[in-house]
Number of protein chains: 2
Amino acid sequence: MSQENLAYTPSACRPVTDVLSLIGDKWTVLIVMLLADGPRRFNELKRMVNGISQRMLTLTLRNLEREGLVNRTVFPTVPPRVEYELTALGKSLKAPVAALGQWAHANQLQMDLARLEFDKKAAEAA
Amino acid sequence: MSQENLAYTPSACRPVTDVLSLIGDKWTVLIVMLLADGPRRFNELKRMVNGISQRMLTLTLRNLEREGLVNRTVFPTVPPRVEYELTALGKSLKAPVAALGQWAHANQLQMDLARLEFDKKAAEAA
DNA sequence: CTGTATCCTCTGAGATACTG
DNA sequence: CAGTATCTCAGAGGATACAG
């Protein structure tokens, strides 16, 4: 990416902003990481992600499918069976997300301490 | 925000969601990238980020400061002058974010096409 | 089992006005 | 200049019920 100041206005930074608004929601990254191990069925995912509502799982999956990150396969059996799996594009997202994960893991403690310190000072000021 | 309610949280995944809830908002990444070049004053940032409100810039900067990614320095002059700059921790975030940015840039077209295709089929079905 | 359809709540975020 | 204080609104996300 360019280092020029003007390059980072919202319009010029649209790709990054777009991607962040895609994966920056509450569940998307979690689903992508779960699918990284292989195809999963709808309720299988629902059980794995404790706390997600049926609605949000559907919406998250639909959105990923829409962006071409996930393939949805319906098996016309009774009862119906639907499998979700990452596309090649979806799999390629694993690397940068993992990089972010490593950063997060490595610096979590520092951020926790900074937050405690900040809140402590804020409390003292009040 | 914490994700303590997750039943299944692979080690590579939990920190990511945490960090995404930090940087996944509308302006944070933009500000971090702007500060990557060096310290900036409040209104300087405001001018650079076209479209941000005073309130959101304040909130974004406060949050970054709270997490230890940004240092805030007040110069007791008249008129007041406040400079923001990345901490070492903040600077270390540049690399993984840039990785994500490169991925976004590299795959934007694919995602656009996938979206068009998806919407086209949805329209046909309706 | 895999979804849709509603309804409802709460938060993110813009606009505006005021202050040291 | 660098913020705070309110007000407001749209949309994200949860709960629940229904459907193929």
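A, B, ... follow the sequence lines: proteins, then strands. Residue 1 opens every chain.
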Peer 1: Provide, to the nearest angstrom, the distance between the CG atom belonging to Leu45(A) and the C1' atom belonging to dT2(C).
Peer 2: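 Atom-to-atom, Leu45(A) to dT2(C), this comes out as 12 Å.
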Peer 1: Base, sugar-phosphate, or nothing: which does Tyr84(B) touch, judged by heavy atoms less than 4.0 Å apart?
Peer 2: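 Touches sugar-phosphate only.
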Peer 1: Arg40(B) has an atom CZ; how far is it from atom C1' of dC1(D), in whole Å?
Peer 2: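 About 17 Å, once rounded to whole Å.
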Peer 1: Mind calculating the distance between CZ (Phe42(A)) and C1' (dG3(C)) to the nearest angstrom?
Peer 2: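 So the two atoms are 6 Å apart, to the nearest Å.
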Peer 1: Which nucleotide in the set dG14(D), dA5(D), dG3(C) lies at the smallest distance from any side-chain heavy atom of Arg55(B)?
Peer 2: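 The answer is dA5(D), which lies nearest to the side chain.
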Peer 1: Just the rounded figure in Å: distance from P of dG14(C) to CG of Asn50(B).
Peer 2: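 In whole Å, dG14(C) P and Asn50(B) CG are 12 Å from each other.
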Peer 1: So does Arg40(B) pair up with Glu83(B), basic N to acidic O under 4.0 Å?
Peer 2: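 No, this pair does not count.
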Peer 1: Gln54(A) has a side chain; which of dG3(D), dA13(C), dT4(C) sits nearest to it?
Peer 2: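 Nearest to the side chain of Gln54(A) among the choices is dT4(C).
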Peer 1: Within the 4.0 Å heavy-atom criterion, would you say Arg41(A) contacts the bases, only the backbone, or no part of the nucleic acid?
Peer 2: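 Sugar-phosphate contact only - Arg41(A) comes under 4.0 Å of backbone atoms but never of a base.
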Peer 1: How close or far is atom C1' of dG11(D) from atom CG of Asp25(A), stated in whole angstroms?
Peer 2: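 Distance check: Asp25(A) CG to dG11(D) C1' gives 13 Å.
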Peer 1: Quick one about Thr28(B) and Asp25(B) (side-chain donor to acceptor, distance below 3.5 Å, no hydrogens or angles considered), yes or no?
Peer 2: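 Distance-only check passes for Asp25(B) and Thr28(B).
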Peer 1: Side chains of Ser21(A) and Asp18(A): any donor to acceptor distance under 3.5 Å?
Peer 2: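 The answer is no; no qualifying pair exists.
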Peer 1: Using a 4.0 Å heavy-atom cut-off, does Lys46(B) contact any base of the nucleic acid, only the sugar-phosphate backbone, or nothing at all?
Peer 2: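 The answer is nothing, as Lys46(B) stays clear of every strand by at least 4.0 Å.
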Peer 1: Checking Arg81(B) against Phe75(B): charged group under 6.0 Å from the ring centre and within 45 degrees of the axis?
Peer 2: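 Yes, a cation-pi geometry.
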Peer 1: Taking the side chain of Arg72(B) as its heavy atoms from C-beta onward, which of dG3(D), dG14(C), dA2(D) lies nearest to it?
Peer 2: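 Within the option list, the nearest is dG3(D).
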Peer 1: Report yes if at least one side-chain N or O of Arg62(A) is closer than 4.0 Å to OP1 or OP2 of dT4(C); otherwise report no.
Peer 2: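 Checking Arg62(A) against dT4(C): at least one side-chain N or O falls below 4.0 Å of OP1 or OP2.
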Peer 1: To the nearest Å, how far apart are Leu59(B) CG and dT11(C) C1'?
Peer 2: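 Rounded to whole Å, this separation is 12 Å.
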Peer 1: Side chain of Ser53(B): nearest nucleotide among dG14(C), dA2(D), dT2(C)?
Peer 2: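 Of the candidates, dG14(C) comes closest.
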Peer 1: Any idea which of dG13(D), dT4(D), dA2(D) is nearest the Thr58(B) side chain?
Peer 2: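 Given the options dG13(D), dT4(D), dA2(D), the side chain of Thr58(B) is closest to dT4(D).
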Peer 1: Side chain of Pro80(A), heavy atoms from C-beta onward: which of dA2(D), dA15(D), dG20(D) has the nearest atom to it?
Peer 2: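 Given the options dA2(D), dA15(D), dG20(D), the side chain of Pro80(A) is closest to dG20(D).
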Peer 1: Could you tell me how far apart Ile52(A) (CD1) and dA12(D) (C1') are, to the nearest whole angstrom?
Peer 2: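 Whole-Å distance recorded here is 13 Å.
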Peer 1: How many Å lie between CG on Leu22(B) and P on dG12(C), as a whole number?
Peer 2: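 So the CG-P distance, Leu22(B) to dG12(C), works out to 13 Å.
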Peer 1: What distance do Lys121(A) atom NZ and Leu116(A) atom CG have between them, rounded to the nearest 0.5 Å?
Peer 2: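 Answer for the NZ-CG pair, Lys121(A) versus Leu116(A), is 12.5 Å.
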